[in-house]
Amino acid sequence: MSDAPESLVQVRNLHKVFRRGSERIDVLQGVNLDLAQGEYLSLMGPSGSGKTTLLNLIGGLDTPSDGSVTVSGDRIDKMSGGKLSRWRSRHIGFVFQLYNLLPVLTAERNVDLPLLLSPLSRAQRKKHVATALAMVGLSDRAKHYPRQLSGGQEQRVGIARAIVTDPTLLLCDEPTGDLDRRSGDEILELLQALNKEHGKAIIMVTHDARAAERASRTLYLDKGMLVNEGVDA
Amino acid sequence: MFRWFAQTLAVTGLSIRSLPQRAGPSLVAVVGITGVVVTFVAVLSIAEGFNAAMANAGSADTAIVMRGGSNAELNSALELDSTRIIEDAPGVRRGDSGPMASAELFVIVNVPKKSTGTDANVPLRGIQAAAFDVRQEVQLVEGRRFAAGTNEIIVGRSASNQFAGLELGQTQRWGENAWTVVGIFEADGTISESEIWCDAAVLQPAYRRGSTFQSVMARLDSPETFQAFKDALTTDPRLDVQVERETDYYSSQSSMVRGIITGIGTVIAVLMGIGAVFGAVNTMYNAVATRTREIATLRALGFGGSSVVVSVLVESAFLAALGGVIGGALAYAAFHGYQTATMNFQTFSQVAFAFTVTPMLLVQGAMYALAMGLVGGLFPAVRAARLPIVTALREL
């Protein structure tokens, strides 16, 4: 574990405690993690091991009980409210298991959503959206609504939405968890291409060992602790 | 700030565009608020109509003179000599046939209502010929004026519409006399239209009033001469009178009923409004619950909580405004111009008037609807902004 300045993500002694009534649940117990620029990391582990919680903490969707999370030099565990929202919009691209597309918007309008938070003009936004859809191979589905797309296509739109702002880090939570094998493979190839060809840093939570193999490194979580580190791909 | 507006506009647009997915609960809120606005506007249009009939009656250059201490014509009595002094007072306009002043009697007769058949108190006013010069808004629209010295009567349009047996050619028996309707008149919808008029000289013996009257209506040279006219009469040692502008008199005569109707209307509207607010709260909680994952996704992408709050409030206000507009339109279509009559407790007589839905009432109804929408949307909006993103993202 190094504090090398080139680390994009530094997680130090991270704890997350949930309380259910009088019960205390230690979801994360002193996790330390580094992610280098351009690295593709997969997080594996059984259900309830804390994978998604760790991902949410790195993405600024949740706040730690203790410890620190630094992404691209920003201590996000110290941020809250509007500042954290603005930080997320600039630095993080989320890919969700259930795609989380807005059903009333077409594919291109879904992809355009994060750009509404940027200072880009309408014409610039349109260009970015077209580029992102082209990167995921869905230029011809731009005017389609989510209900008119297959699951794999929906997830591609989700990825286009995640990359359209050219974020510092892509966080993928079970991106193939709701897809058949073939569609899942296509998504994994797409993520791999984004990492290898565009140098996009990715952290992916998955249950699927085949999916994890695509990453350059795999970490295993169990009961809130990193238990061992996988080999580089 | 521009970006905040842009993102708020985007989130709000999403809320509105997803409304069809929540058509049922949204419709409930709209219908609830529509009902409140219809009631609010309808009840207050009664007060407006009554006000239009009473407070707008008369003109500033017409004065009413009654016995000192009288608060209504019914309590007043003026001797013939007194009425002559009043007619000759300075400031009274004079026409070809003398001073424009009419000494009048005011009695109550029982006439059945057309709507219920029950007897109602209707004012029968004995006038002098000059009354038509004093009240220039009075226009005969059917028949002719009554002939002096006969038991003929002319009837206000509203009274003719509301009460039975007051149509042209019909005869009514009050006391020992039979009275025949020979004319119907209008007076710009004011209280005069609720009255029946006859010759004062015939009414006096019919009701054993001797040579007394109850009031003198006098048209003045101008509104500005009122004070001089009043001073001349109230300082005259031969007289014990009080002098009021006709407009002020009718306004004071309507204050009690106007206050009661407005008060009752406001109470009803507020109580119904509370119910509608709960309806709106329920609808908007439902909207937030339905959109939980959508809102969480937007928050995850970086949209701020305040934009979410505004979007929920705008949606709620939009539904409420829709209810307000529909309610106002329904109230106007159903009630505006509806003729009715009610007892004026200050004169113990019926005042016929029309429900009047004014533009201001429609604006008030819409504002009330908006207020209900904003109050109803507030708590759900705050809840939406405080949704824990991590949990909400997993909502199905």
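So that the names make sense, note that chain A is the first sequence line, chain B the second, and so on, each numbered from 1.
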Within a radius of less than 6.0 Å around [atom1] of [X], do more than 12 heavy atoms belonging to other residues, nucleotides or ligands occur?
| X | atom1 | value |
| --- | --- | --- |
| H91(A) | NE2 | yes |
| R141(A) | CZ | yes |
| F18(A) | CZ | yes |
| Y332(B) | OH | no |

Given the options P20(B), G302(B), G13(B), which has more heavy-atom pairs under 4.5 Å with chain A than any of the others?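 Answer, by heavy-atom pair count under 4.5 Å with chain A: G302(B).
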
Contact part of [X] toward chain B, heavy-atom cut-off under 4.5 Å: side chain, backbone, both or neither?
| X | value |
| --- | --- |
| S118(A) | backbone |
| P119(A) | both |
| L102(A) | side chain |
| R90(A) | neither |
| N56(A) | side chain |

Verify side chain to side chain contact (heavy atoms under 4.5 Å, CB included) between L98(A) and R293(B), making sure each step is shown before the conclusion. CA-CA 10 Å; L98(A) 297 175; R293(B) 192 149 67 95; 3.5 Å; yes

Is it the case that the side chain of R88(A) and the backbone of A300(B) share a donor-acceptor pair, with hydrogens and angles ignored and the cut-off at 3.5 Å?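 Between the backbone of A300(B) and the side chain of R88(A) there is a qualifying donor-acceptor contact (under 3.5 Å).
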
Check: F303(B) main-chain N/O paired with R86(A) side-chain donor or acceptor under 3.5 Å: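 Checking the backbone N and O of F303(B) against the side chain of R86(A), no donor-acceptor pair under 3.5 Å is found.
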
Steps toward side chain to side chain contact (heavy atoms under 4.5 Å, CB included) verdict (T297(B), R161(A)): CA-CA 12 Å; T297(B) 303; R161(A) 183 179 64 187; 3.8 Å; yes

Between I389(B) and chain A, with a heavy-atom cut-off of 4.5 Å, which part of the residue counts as in contact: side chain, backbone, both or neither?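 Side chain only.
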
Can you measure from CG (L298(B)) to OG (S85(A)) and round to the nearest 0.5 angstrom?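 The distance works out to 11.0 Å.
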
Max heavy-atom pair count under 4.5 Å with chain B, selected residue of V104(A), L116(A), T165(A), D173(A):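 Result: the option with the highest number of such pairs is V104(A).
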
Under 4.5 Å, counting heavy-atom pairs only, tell me which of L101(A), L113(A), T53(A) racks up the most with chain B.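 The candidate making the most pairs under 4.5 Å is L113(A).
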
Which pair of heavy atoms, one from L61(A) and one from V390(B), lies closest together, and at what distance?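 Scanning both residues completely, I find the closest heavy atoms to be O-CG2, 3.6 Å.
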
